[in-house]
Amino acid sequence: MSDIIAYKDSNNNYWDTEVENSTPIKPKSDDALNIMRHDMAHILAEAVITLFPNAKPTIGPFIKNGFYYDFDMESTLSDDDLANIEKKMKEILLEGRDFLKRAVTKKEASEIFKDNKYKLELINNLDNSDEITLYEQKNFTDLCKGPHHKSTKDYNASFKITNVSGAYWRGISTNKMLQRIYATAWYSEKELRVYLKNLEEAKERNHRRLGTDMGLFLLTDLSAGNVFWKDKGLTLYQNIEKYIRSEQQKLNYFEVKTPELVSNELWIKSGHWDNFKENMFTSETDNKTFALKPMNCPCHIVLFNSQLITYKDLPLRYSEFGKCHRYEPSGALNGLFRVRGFTQDDAHIFCSAEQIYDVCNETTLLIERVYKKFGFEKIKYNISTRPEKSIGTQENWDNAENQLKKVLKDNNKEFNILEGEGAFYGPKIEFTLEDSLGREWQCGTIQIDFNLPDRLGAKYKDKDDKNQVPIMIHRAVVGSLERFIAIILENTNGWLPLFVTPIQLAILPVSEKFVDHSNRIKGELQKLGVRVIVDGSDNKLGYKIRNSVSKKIPYSLVMGEKEIESDSFTLRSNEGKNTSFDDIKTLSDFFISN
């Protein structure tokens, strides 16, 4: 087996020969795993056309944790069909397959794939000067740039077909619906078992099911992509807001509120109308066009421009829990993860070039504090640098990128450089969380903007009373509150941190005669700031305890003769651990301090 499988360039593209600014890909590395999964996509395609000769293969890339391949097929695949495809793939792997690369002309490629309209469309979209490469294995030839391993004998592949779904050709809803077969692949059976176990665990932790069981929110086609928050869900939502607000106040943020419906005059000036119009909800009123804001930044510049700002006011920090709307196709909506109406914990900090480091440093520490409070200890950091198409001077870009690198280095953080993946208006830091199942969620961002303040006429007076354009730093800690709630629900399996969970305590009377006393205790605890309910039903105590656990209430308090006589409290956690308290004040302090 070769020490080098392929190469990866600075834009994370894979090549089977060395190119400029590329690094070699070693066997068994993460990049090699992606290439192996691409191999497996071709093995899947061979298995499908062997069992279903009339199937038309289209495209089959690797994706995170696996791969898929799309097919145009005469009939819908059944569970038995998937089992047979998986069996055939194992037979192919047992035989072994070599992957042979061949370069052909556009005419030759068109002749080879003359019976597959999907491959012909891909070929016709290529320039005549483009090199067209094929990868051939025993019973299958694919139009493919590669790279691939030389042979499946170079590794042991443990794989599993996970599901099949519909997918429009090239993602366009007017095109034909294809069948997409998803699968996962790993270097060992052990890794595969761990992944499949986590997959099952993730299904159990689905935030939509938890949201229903816990009475948090409602999702309905009456307002697709928007959330109906129930009282408990709104409590959770507001508690997250309250905590982030308290952290921002320590850093001298000015919390603002801007309109949701804004004239398209602003969106035209900001450039969003030309680049984002199709994703905006619009309305015609008084012969004018208005749009529901898809982001908050232009509105914050309107506020900035409404007053005289001098260098003494900088950095000026505006924060907003701003309600935004963006059109998402109905097929892309996914619970709270992908919605049309969402709230950003947004902030825009206006500063000078010399202040970039201090602002980004304090913001990085803020983001990390928040994540830690919610139980996220593993954070990955990426810095995205100047893309080919961008605005601003090279001096500004170099300064900003160096400041971001220094922030992370000074805080002893390892980070990746994503060359050319910054926004056209400036570089950024991306914060990615790893949850309890090893899944990654990109949440927080710090983005430096050289464009929008100038475009919308933002100015401040410098020490010489001259007008200067401020640099604007976009900042989100959790991003969308809706999405973050979905993440923490699945990360904790509904056992939310005590400081945000909607109900902290359930008082469980042993019988009906203890209900009144339980309600008196509830009232006293509520006055002290504890979120508490009483289960006054006539159900037996065992049922009440199970019901409390099923609703993810972290603590329960049994109320009977003994508790009343002793005037003390024994708190039971969801894990079955007991803690005693002598009075209501110490009991309430426990909930307030955690």
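Because the structure is predicted, anything quoted here is derived from the model rather than measured. Nothing fancy with the numbering, it's 1 onward along the sequence.
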Can any side-chain N or O of K257 pair as donor or acceptor with the backbone N or O of F321 at less than 3.5 Å? yes
Donor-acceptor pair, side chain of K522 and main chain of V532, under 3.5 angstrom: no
Search all heavy atoms of Y243 against all heavy atoms of V370 and return the closest pair with its distance. OH-CA, 3.8 Å
Is it the case that the ring center of F62 lies less than 6.0 angstrom away from the ring center of F67? no
Tell me the salt bridge (charged side-chain N to carboxylate O under 4.0 Å, His left out) pairs involving residues 582-594, sequence neighbours left out? K585-D589
Where do N296 and G322 come nearest, in terms of heavy atoms and distance? OD1-CA, 3.6 Å
side-chain hydrogen bond (donor to acceptor under 3.5 Å, both in side chains) evaluation trace for N65 with R439: CA-CA 10 Å; N65 295 323; R439 298 174 299 179; over 6 Å; no
Under a 3.5 Å distance rule, please check whether H207 uses its side chain to pair with a backbone N or O of L336 as donor and acceptor. yes
Would you say N156 has more than 12 foreign heavy atoms packed within less than 6.0 Å of its CG? no
I want to know whether Y555 and F590 have ring centres closer than 6.0 Å. yes
Would the number of heavy atoms belonging to other residues, nucleotides or ligands and lying under 6.0 Å from CG of D30 be above 12? no
Using 4.0 Å as the upper bound for N to carboxylate O, is an ion pair formed by K250 and E247? yes
If you count heavy atoms of other groups shown closer than 6.0 angstrom to CG of D221, is the number above 12? no
Do you know which two heavy atoms are closest between F276 and R326, and how far apart they sit? CZ-CD, 3.8 Å
For residues M295 and Q344, report the shortest heavy-atom separation together with the two atoms involved. CA-OE1, 4.3 Å
Is the backbone of T579 close enough, under 3.5 Å, to the side chain of T570 for a donor and an acceptor to pair up by distance? no
NZ/K64: more than 12 non-hydrogen atoms of other groups inside 6.0 Å: yes
Answer yes or no: are there more than 12 heavy-atom neighbours, outside E512 itself, under 6.0 Å from its atom CD? no
Answer yes or no: is there an ion pair linking K428 with E430, defined by an N-O contact shorter than 4.0 Å? yes
Between M89 and I161 the two heavy atoms that sit nearest each other are SD-CD1, 4.3 Å
Tell me which one of T58, N163, D70 satisfies side-chain hydrogen bond (donor to acceptor under 3.5 Å, both in side chains) with R180. D70
Do the two ring centres, one from F228 and one from F217, sit under 6.0 Å apart? no
Are more than 12 heavy atoms from other residues, nucleotides or ligands located less than 6.0 Å from atom NZ of K230? yes
Under 6.0 Å between the ring centres of W441 and F431? no
Residues, nucleotides or ligands: over 12 heavy atoms within 6.0 Å of K232 NZ: no
Verdict with reasoning, T258 to E320, per side-chain hydrogen bond (donor to acceptor under 3.5 Å, both in side chains): CA-CA 8 Å; T258 58; E320 178 174 9; 2.9 Å; yes
Ring centres of W229 and Y237 under 6.0 Å apart? yes
Would you say NZ of K323 has more than 12 non-hydrogen atoms from neighbouring residues, nucleotides or ligands within 6.0 angstrom? yes
Is the Lys NZ or Arg CZ of K28 less than 6.0 Å from the centre of Y187's six-membered ring, within 45° of the axis? yes
OG/S165 to CG/L77 distance, rounded to the nearest 0.5 angstrom? 11.0 Å
To the nearest 0.5 Å, what is the distance between CG on L587 and CZ on F569? 6.5 Å
So that I know where these two stand, are F342 and H325 an aromatic pair - ring centroids less than 6.0 Å apart? no
Please determine whether a side-chain nitrogen of the Lys or Arg among E524 and R520 lies less than 4.0 Å from a carboxylate oxygen of the Asp or Glu. no
Closest non-hydrogen atom pair, A332 against R338: O-CG, 3.2 Å
